[in-house]
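Here the structure is laid out as structure tokens; the discussion comes afterwards.
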Amino acid sequence: MDKPRVRFAPSPTGYLHIGGARTALFNWLWARRHGGTFILRIEDTDQGRSTKEAEAAIFDGLRWLGLDWDEGPDVGGPHAPYFQMERLDLYEAYAEKLIAEGKAFACYCTREELEAGRKHAEAEKRQYRYPGTCREKPYDRSRPHVIRFRVPEHGATGWDDLVKGPISTPHDTLQDEVILRSDRVPLYNFGAVVDDITMKVNLVGRGDDHVNNTARQILMYRALGYPVPSFAHFPMILGADKTRLSKRHGATSVTAYRDMGFLPEAVVNYLVRLGWSHGDQEIFSLEELVRLFDLKDVGATAGVFNPEKMAWVNHEWLKKVPEEALAAKALPYFRAAGLAVEDGPKLRHVVRVARERAKTFGEYVQQFRYFFAPVTFDAKAREKFFTKDTRPVLEAIRAGIAALPAMDTEPLEKLFQAEAEKRGLGLGKIAQPVRVALTGGTASPGMYDVVQILGKDETLRRLDEGIRLAG
RNA sequence: GGCCCGUUAGUCUAGCGGUCAGGACGUCGGCCUCUCACGCCGAAAACAUGGGUUCAAAUCCCGUACGGGUCACCA
């Protein structure tokens with residue numbers, strides 16, 4: 001087999017979508033696995049919707065995921081340019097060739113005429129098909145026109161899809177479709193084919209919403225006289241209601257997950273498992289995937305995007321990061337939340353207790369902001385644990401801590417235990433009021449850890465406030 | 001509606017003619033325990049449906065139902 005040349009060809013009309021990211025990932029993995037080439041091509045021919053911002057967002061997203069491209073924007077390559085709007089001459093030349101050979105023709109129908117035909121067909125509940133009005137008309141460049149590709153009337157075109165197996169499309173469901181607009185800008189099917197030919201792409205891996213484009217594209221390869229590449233159509237990613245994943249289902253952009261505090265390793269890991277598997281294994285690094293990924297293990301069924309499992313995967317990855325590095329990664333998230341956090345021992349300690357309890361950096365910030373900000377009390381906890389009965393406990397612990405020279409675990413443990421014994425109470429009766437005073441709530445890391453992280457002074461301040469509130 | 005594709009627990013999946021249908025997320029129960037979490041142990045939970053083929057079908061074939069995709073001078 002030739003070394004694969006694959007591509008990811010997004011249109012820059014929005015951020016990098018989860019589904020697009022997975023398509024890019026599968027292609028990238030296939031290329032890396034076989035020492036092939038991964039090409040990034042920007043399909044910006046929809047001038048109404050394409051933006052430079054979207055383009056930048058897509059580059060960002062891919063880079064963040066660790067998917068680098070061998071040919072494409074910024075890095076260049078032997079088949080540059082990699083923006084379709086810079087390749088217009090090429091499409092025109094290929095279209096002219098087809099016209100000269102009678103495989104394409106100029107169509108002078110107006111949009112209004114076409115629309116009327118469509119309406120008419122709809123009224124009669126017929127399938128609309130371009131009636132071939134201009135099929136035999138001579139080529140007159142001076143009149144406004146589009147170029148249409150001539151599709152055979154009979155028969156069918158099929159291929160053996162690397163993911164879905166044999167697929168065939170009858171020609172009578174196709175029509176003489178437009179390949180060049182009146183302004184000479186190509187339409188998707190033609191632009192993609194010409195680019196894939198000239199960029200020598202030999203495997204086209206894309207979402208299975210393109211299955212219905214494949215037969216027409218194969219017809220174009222043949223008309224142009226080039227070998228047809230292999231095709232692999234990846235199943236869609238669905239939302240919880242089993243419809244195509246969209247904004248209605250929540251965050252769908254890769255960068256949104258970055259901002260929520262997911263690790264790129266986790267996003268890659270989760271996405272690859274949505275549609276691909278390797279026995280019972282769940283956790284895969286990129287390096288491992290490059291070794292193991294195989295298109296034949298990609299399933300044919302659409303999958304529902306499950307944020308909870310993605311969070312679990314993220315947690316698994318978070319637990320692998322060494323403490324110091326984890327603190328460095330978490331820092332920007334605390335800062336973004338407006339917390340005056342310094343990179344230092346305190347943050348490392350917070351991260352140490354957070355890592356077992358929170359699945360994203362977003363949750364780190366949400367759950368542990370009290371280490372860096374004044375306590376906000378949970379109303380119920382405050383009512384339940386700040387009472388005339390608990391006040392003496394708070395005072396005793398306050399006094400005990402004030403008397404300690406340092407906040408080491410052993411003496412703290414002794415202090416709490418002694419207090420519990422003295423009062424004939426369980427440790428919980430001692431720890432809970434203290435916990436509320438120090439953290440504002442009833443769930444937190446171990447009490448001695450919290451005291452150590454807060455430090456003696458801050459601990460005493462918070463206990464004082466608790467005592468005051470306990471009346 | 002036409003055409004194309006799909007269908008194993010709530011979800012992601014293993015399975016590729018003979019398995020007690022396996023794993024993971026989630027859920028529930030237990031252990032651990034100062035709370036929460038982690039960890040550990042355990043449980044409930046699936047082959048859409050009807051026909052074939054076969055000694056034998058989750059696995060192969062056909063129909064039905066359901067789901068998705070697509071029918072532009074969008075990609």
Side-chain angles (χ1 to χ4, degrees), chain A residues 9-13 43-46 48-50 84 107 109-111 114-115 118 122 125-129 144-148 161 163-165 167-170 172-175 177-189 191-192 206-215 233 235-236 238 240 242-244 270 273-283 297 299-313 315 319 353-359 367 381 413 416-417 420 426-436 439 441-448 450:
Chain A
S11 67
T13 54
E43 306 209 333
D44 52 357
T45 54
D46 185 341
R49 296 195 302 148
S50 297
Q84 289 193 321
C107 171
C109 298
T110 64
R111 289 173 205 254
L114 263 11
E115 191 49 38
R118 240 174 247 125
E122 195 184 332
K125 295 193 192 302
R126 275 181 13 243
Q127 292 300 314
Y128 174 78
R129 257 184 112 201
H145 64 275
V146 299
I147 305 299
R148 285 183 187 271
D161 197 274
V163 171
K164 291 174 175 281
I167 301 179
S168 174
T169 304
D172 61 12
T173 65
L174 270 24
Q175 56 182 330
E177 71 179 285
V178 177
I179 56 175
L180 236 48
R181 300 164 157 103
S182 44
D183 61 4
R184 313 302 275 184
V185 175
L187 266 87
Y188 168 72
N189 280 310
R206 74 237 292 199
D208 79 9
D209 48 338
H210 287 291
V211 165
N212 292 290
N213 289 322
T214 307
H233 288 95
M236 298 275 89
L238 274 23
K242 304 244 183 185
T243 62
R244 189 192 190 127
Y270 177 71
R273 279 288 290 105
L274 199 51
W276 173 88
S277 61
H278 182 75
D280 287 340
Q281 189 172 346
E282 295 287 348
I283 301 300
D297 298 320
T301 72
V304 174
F305 182 77
N306 183 341
E308 286 191 327
K309 181 147 186 187
M310 185 153 120
W312 173 79
V313 172
H315 197 194
K319 286 191 276 187
V353 298
R355 70 184 316 160
E356 299 299 326
R357 278 164 253 259
K359 295 177 179 170
Q367 290 179 32
E413 207 174 328
F416 276 69
Q417 274 165 357
L427 233 197
K429 294 287 186 191
I430 307 299
Q432 278 311 74
V434 173
R435 189 183 313 281
V436 175
T439 71
T442 54
S444 84
M447 227 45 273
Y448 316 133
V450 173

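Owing to the predicted nature of the structure, the values given are computational and were not obtained by experimental measurement.
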B:U35 - base-pair partner by Watson-Crick or wobble geometry, distances under 3.5 Å: none
Minimum-distance nucleotide (side-chain atoms of A:L114 versus B:U13, B:C73, B:A75): B:C73
B:G18 pairs with, by Watson-Crick or G-U criteria that keep both distances under 3.5 Å: B:C55
Euclidean distance, atom CH2 of residue A:W276 to atom C1' of B:A14 [Å, nearest integer]: 13 Å
Test side chain to side chain donor-acceptor pair (under 3.5 Å) applied to A:T45 - qualifying residues, sequence neighbours left out: none
Candidates B:C4, B:G23, B:C38 - which lies nearest the side chain of A:H315: B:C38
Among B:C3, B:C74, B:G39, the one nearest A:N212 by side-chain distance: B:C3
Under-3.5 Å donor-acceptor pair between A:E356 side chain and B:G39 base: no
Minimum-distance nucleotide to A:T243 side chain [options: B:G6, B:G68, B:C71]: B:G68
Sequence-aligned protein contact record of nucleotides 25-36 of chain B, with B where the base is within under 4.0 Å of a protein heavy atom and S where only the sugar-phosphate is: SS-------BBB
Sole residue of A:E177, A:H210, A:E43, A:Q84 in side-chain hydrogen bond (donor to acceptor under 3.5 Å, both in side chains) with A:Y188: A:H210
Residue closer to the 5' end of RNA chain B, A:S168 versus A:R49 (nearest nucleotide): A:S168
Reference residue A:N189; test side-chain contact (heavy atoms from CB on, under 4.5 Å); the match among A:N213, A:V178, A:I179: A:N213
Counter-base of B:A24, judged by Watson-Crick or G-U geometry with both distances under 3.5 Å: B:U11
Base of B:G69 paired with side chain of A:D208 (donor-acceptor, under 3.5 Å): no
